[in-house]
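Taking it in order: structure first as structure tokens, then the write-up.
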Amino acid sequence: MTRAVDADALGDVLARLRERRPRVHCLLNTVVQNLVADGLTALGAVPSMTSSPEEIEGFVARADALLVNLGTLTAERAGVSERAVAVAAQRSTPWVLDPVKCEDSPVRLALARRLIAAGPFAVKLNASEAAMLAPQGGILIVETGPRDRLAVAGREIAVANGDPLLARVTGTGCLAGAILAACAGVEDDPLLAGAAALTILGVSAEMAAPRSRGPGSFAVELLDALGSIAPSDLIAHARIHHAET
Amino acid sequence: MTRAVDADALGDVLARLRERRPRVHCLLNTVVQNLVADGLTALGAVPSMTSSPEEIEGFVARADALLVNLGTLTAERAGVSERAVAVAAQRSTPWVLDPVKCEDSPVRLALARRLIAAGPFAVKLNASEAAMLAPQGGILIVETGPRDRLAVAGREIAVANGDPLLARVTGTGCLAGAILAACAGVEDDPLLAGAAALTILGVSAEMAAPRSRGPGSFAVELLDALGSIAPSDLIAHARIHHAET
Amino acid sequence: MTRAVDADALGDVLARLRERRPRVHCLLNTVVQNLVADGLTALGAVPSMTSSPEEIEGFVARADALLVNLGTLTAERAGVSERAVAVAAQRSTPWVLDPVKCEDSPVRLALARRLIAAGPFAVKLNASEAAMLAPQGGILIVETGPRDRLAVAGREIAVANGDPLLARVTGTGCLAGAILAACAGVEDDPLLAGAAALTILGVSAEMAAPRSRGPGSFAVELLDALGSIAPSDLIAHARIHHAET
């Protein structure tokens, strides 16, 4: 279903996320597991993180959404990712692909292409990664940058929230993908779910930055902001620009 | 040896922990390794964390206590856990089992049952995990929840310390198990060691909460509190209730 | 090239690090990956962390420096470390060895000795580790302790910066090795690169400590200090002592 992406709709996604507490299974590099788990928990979602071949199917079957992040990919996690996606597809569970640094790794690039063919809800990437990958029209593309761009099936918007300190804390990009998965667990329209995720993270960053003196305190304040951000904050501060196409 | 579980005895366990600095080897999921290592170090214990098959026996042999946590279990870590427990049993080193989410994973449940048969010092679990597992009477059961319950060999107490923010930081439950292992390294009576661990964490959380504005700052303040909590804090603030059986 | 190790030269290394943003690939135990990634990023370097056999060669080939840390060593990471070092040697990329707890693990000790024979830029260790390992004269030895000692090819200095709180946060020793690799990526003289790394971390710790109430807030303040430390801070506060040999 396609919905208008306006401030009230964004606030509504956040309200539902807080109420339903979606379970988000994350296949994730070990470097950022802790930040992503803390960020999702602060926001009200319920993360799980096993990438064990023996356990993956059961955990994905119980999840409301799945994140497949290719950072520090191992051969084992590559195989587990394909099985996780198969379970998600079978159950119509939305899943998000984050093909971290696929431009630097032929193994990740090949896997990303196979996974995209399996039909993710969304692909989150930056400009270098986007240059290597070409999803179909029905898949939401979230290209992060100084201004984030979201596009799906001819609809396009930009999100102008955020703070430069986000780039100075390891794992905030991965956290964006995880929040996108959490929003996909409570909202069917990809463009609205994507806009909600990026404005939740971006407005939280704007709440955190003035309280911070550097990347260490910013990471702490960001988790506090994710814990306290309310639908009214999104409604007041989201900066969404609709493309004039 | 059985000792009275009163405020002075709890303070005494903490004083010994600070003085002896027990080495605690932790077999632990990768998500929470950093928080648990920092929490143990803040408290004065000395953590080690390898789960390599080549190294596990030497590290357990040098440890004063062992934590076996089944979160994000892999087949390799399952085998390593059994070898670690065998070394601990042989050397009479106390070890603690934390069967994380064993109700959601047949692999973890089967391993948890095998490990319990090997005689842990204590099993730390929540209500859903407890429903699946039945230890013998000589093993301390620590069931965490809004009020923690500890039971062993017909003795039973409840601990009422803590703060709701503990549930909003990933890994504080795993940290409780690690602190329990650290206390087991300096105190033979399971009920006293368990009560010391839960009041140390719970009173630290009560010291941290008023200084916090959300889950991010709470995690920071909790580590500071674990670093500064004194026997006199435990004596003043521990809330232990003895069952009237 | 050999350069005078004085305050101006240290400030110059930091200025170059900020300007060139060296890519530092880190083979690292999972416990401290997050702190090291955040510390390098705060300082202005660009970390990568994969230890996948399929990816290691490409990532090392693109890096300006390499850190090989043996903490929580697995058989797979041991093999990957040897391949990483071979690529670094072939490309004359400087690499730093941190043989964590090699005195407690025959596997790590044997690997450390093989790697030292391959010619690292520097070996960072503490007194117990140093007692087990004997590098050749051309390799910088950095022995950390209450006062850090650096020696290479007959030159020797001591660095007296730092704070006792560094020992109460997991991973600050590993971070010292990573900052040393980052400095090696912008400075060829081992003694100057090593002195720059230890004074950057030590002076940052001195900036952080007065703002901290314990190990939790110290870790946060340390990252903030690494993000803001300027060449003028190094010039004003570095405490370098030249040996009178």
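Given the structure is predicted, the values throughout are model-derived calculations rather than measurements. Chain identifiers are assigned alphabetically (A, B, ...) following the order of the sequence lines, protein sequences preceding nucleic acid strands; residue numbering begins at 1 within each chain. The figures that follow rest on heavy atoms only: side chains count, while hydrogens, waters and symmetry mates do not.
- Taken from CG in B/L28 to OG1 in C/T30, the straight-line distance is 9.0 Å, to the nearest 0.5 Å.
- Looking at C/D104, the atoms closer than 4.5 Å to chain B (heavy atoms on both sides) sit in the backbone and in the side chain alike.
- Residues C/P215 and B/G227 share a closest heavy-atom pair of CD-CA, 4.4 Å.
- Using a cut-off of 4.0 Å between Lys/Arg side-chain N and Asp/Glu carboxylate O, C/R168 and B/D224 are scored as not salt-bridged.
- Residue C/R18 places its CZ atom among more than 12 non-hydrogen atoms of other residues, nucleotides or ligands, all under 6.0 Å distant.
- For B/S228, no part sits under 4.5 Å from any heavy atom of chain C, backbone or side chain.
- No part of C/A219 comes within reach of chain B, as not one of its non-hydrogen atoms sits under 4.5 angstrom from that chain.
- Of all residues in residues 44-83 of chain B, those placing a non-hydrogen atom less than 4.5 angstrom from a non-hydrogen atom of chain C are B/P47, B/S48, B/M49, B/T50, B/S52, B/E54, B/E55, B/F59, B/R62.
- For a residue to count as touching a neighbouring chain, one of its non-hydrogen atoms must lie under 4.5 Å from one of that chain's; by this rule C/V169 touches chain B with backbone and side chain alike.
- Taken to the nearest 0.5 Å, the CG atom of B/L40 stands 8.5 Å off from the OG1 atom of C/T170.
- With a 4.5 Å cut-off on non-hydrogen atoms, C/V31 touches chain B through its backbone and its side chain both.
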